[in-house]
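Note: hydrogens, waters and symmetry copies are ignored here, and every other heavy atom, side chains too, is used.
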Protein chains: 2
Amino acid sequence: MEASTTGGSQTLLRGLDILEAVGRGPLLLDALAAELGLTKSTTHRLATTLVERGYLSSAPRAGYRLGPRLLDLGSRAQRQIDLIQVARPHLEALATLSGDTVHLGVRSDDSALYLDKIPGNRRIEISSRVGDRHALTTTGLGKALLLDGDARSWKALLAAEGAKGDRTAWLERMRGYADAGHAFDLEENEDRIRCVAAPIRDASGAITAAISVSSAAQYMKDDRMAALAADVRRTAATIGAGLGWHVD
Amino acid sequence: MEASTTGGSQTLLRGLDILEAVGRGPLLLDALAAELGLTKSTTHRLATTLVERGYLSSAPRAGYRLGPRLLDLGSRAQRQIDLIQVARPHLEALATLSGDTVHLGVRSDDSALYLDKIPGNRRIEISSRVGDRHALTTTGLGKALLLDGDARSWKALLAAEGAKGDRTAWLERMRGYADAGHAFDLEENEDRIRCVAAPIRDASGAITAAISVSSAAQYMKDDRMAALAADVRRTAATIGAGLGWHVD
DNA sequence: TCCTCTCGTCTCATAATATGGGACTAGACA
DNA sequence: TGTCTAGTCCCATATTATGAGACGAGAGGA
């Protein structure tokens, strides 16, 4: 077995070897086996698995070539990398403009995963960090991620998160947020902390991420939240445009 | 074990499942395991293997995300698909212009692999086909693929292919071809068949493929070959431009 | 038309690897 | 300092992957 620091998975490594060998140029089965030091049947089995999942294509006597799934994953990888890079300058601008803490996050399972954070310039710090997972139904950013959902899925999440408080009022506010294109956290997630958030859409129009501005309640009176909402929606739309989103 | 028509490799399938799950959005280890119905240790082992090879990235508490290797393979996949698509209309035009058979090929191991073929309009057919592998040192297309090599690598190939004939003369002709940017087959590969070929360069300037025009010797007198060489070089350059190549 | 060759497909006894329970470690927070 | 979350690692055992090589398909030459 090939030496590896963690005793990695030999079969998976061989599959990846096949992808990289074919990445250097199309290959027939015997040539691929020879290049990787594998037998023909092992190579055939692994290559067939990769063809079935779309990572390779093959044609009689034309051998193996890279397949469409790699185009898809390549562009998804580009987008995952892009999101943070594209967003960062806009988040910094918004933090400067607002003076408050700005977050970028995505939905991961049934929580909000924080990918980036720009601190504000106030003495009060928001105690979040990159890598945190937070509730969807109580954080502003979490609610922004849910805006394209419907009442049924929202109710399911409320139940799953064991949310306290008046669910009817919560649903009513969510409908308003969905109409407005932004979401608020009115000290629901954390005492004395309020938040304005908006979703980021990708080229297909789907919500792919969200941003938020959080601060102590004393800096987040109702009229300031309304004003900030426009800034946050605009920043989210600018980031979305950088990812290929268009308002039509 | 998951049902599969060919009993595909479960471990490789699980690795691909991980890539696709992460392709839908960054995930922490436990979430990834739960989504795929795997145990934490199995998921960890497979994910670590993918991280080590660059297919995934990970950061403490930020979970797993798609890695740079997928950008690389995604663009290689794009190029492999592009080459045939970009080249086809140009090959057709050249076949119409010349009336002769046109081939597109790449180097695969130590042979020329034919990827596309456009028949000419003459009664005489060239008996090649897509998927064929041919010698590098005797076919025009093969020699075009070698033009950036040096005398030492050419001699090694001559020895490996057990080439007949005057090697000193062959090397002298190759130097001339390298200077001219095209290559000829003067009935070396097949009696009575002559060929004019030129290399296609990619965005990095490297030879990535080659094209050739082949015909019966009676249609390929020395003066016509010289005239055709310009057309073939121009077509190869146009295809290369479509792949991002620039003459600087 | 038949024989030969190349390339890919498939089986299954056996060898070898992958699995997963769960203890452990690191880092962060109250 | 204690608790919690997330990731790391071990190893007895279960399970999968392996690979030798027979076979089939398709193409070309005599």
Spatial distance of atom CG (A:Leu12) from atom CG (B:Leu16) [nearest 0.5 Å]: 7.5 Å
Which distance, rounded to the nearest 0.5 Å, do you find between the CD of B:Glu187 and the CD1 of B:Ile193? 8.5 Å
Atom CG of A:Leu38 to atom C1' of D:dT18: distance rounded to whole Å? 10 Å
Using OP1 and OP2 only, check whether a side-chain N or O of A:Arg14 sits under 4.0 Å from D:dT18. yes
A:Ser212: side-chain contact (heavy atoms from CB on, under 4.5 Å) partners, not counting sequence neighbours: A:His103, A:Leu141, A:Cys195, A:Ala197, A:Ser214
Check whether the side chain of B:Thr39 and the base of C:dG21 form a donor-acceptor pair under 3.5 Å. no
If you check every side-chain atom of A:Leu46, which of D:dC10, C:dA18, D:dT18 has the closest atom? D:dT18
Can you tell if the side chain of B:Leu94 reaches within under 4.5 Å of the side chain of B:Ile118, non-hydrogen atoms only? no
Between C1' on D:dT15 and CD on B:Gln10, what's the gap in Å once rounded to a whole number? 8 Å
Residue pair A:Leu73 / A:Tyr55, side-chain heavy-atom distance below 4.5 Å: yes
Between D:dA20, D:dA17, C:dG20, which nucleotide gets closest to the side-chain atoms of A:Ser41? D:dA20
Does A:Glu92 come within less than 4.0 Å of A:Arg88, counting only side-chain N to carboxylate O? yes
Report yes if at least one side-chain N or O of B:Arg45 is closer than 4.0 Å to OP1 or OP2 of C:dA18; otherwise report no. no
Nucleotide N/O to protein N/O under 3.5 Å, stretch nucleotides 6-8 of chain C:
unit_1 : atom_1 : unit_2  : atom_2 : d
C:dT6  : O2     : A:Arg61 : NH2    : 3.4
C:dG8  : OP2    : A:Leu29 : N      : 3.0
C:dG8  : O6     : A:Lys40 : NZ     : 3.4

Just verifying a value: how many Å separate B:Leu113 CG and A:Leu28 CG, rounded to the nearest 0.5 Å? 6.0 Å
Separation between CG of A:Leu71 and CZ of A:Arg76, rounded to the nearest 0.5 Å: 12.5 Å
Has A:Trp170 got a side-chain atom pairing as donor or acceptor with A:Leu158's backbone, closer than 3.5 angstrom? no
In whole Å, I'd like the distance from the CG atom of B:Leu12 to the C1' atom of D:dT18. 15 Å
Determine which bases of DNA chain C form Watson-Crick or G-U wobble pairs with both distances under 3.5 Å, and write the result as a 5' to 3' dot-bracket string with | for other-strand partners. ||||||||||||||||||||||||||||||
Distance in angstrom units between A:Glu52 CD and C:dC10 P, rounded: 10 Å
Tell me: NZ of B:Lys117 to P of D:dA27, nearest whole Å? 13 Å
Euclidean distance, atom NE2 of residue A:His134 to atom C1' of D:dT5 [Å, nearest integer]: 13 Å
Is A:Ser9 close enough to C:dA18 that one of its side-chain N or O atoms is under 4.0 Å from OP1 or OP2 there? yes
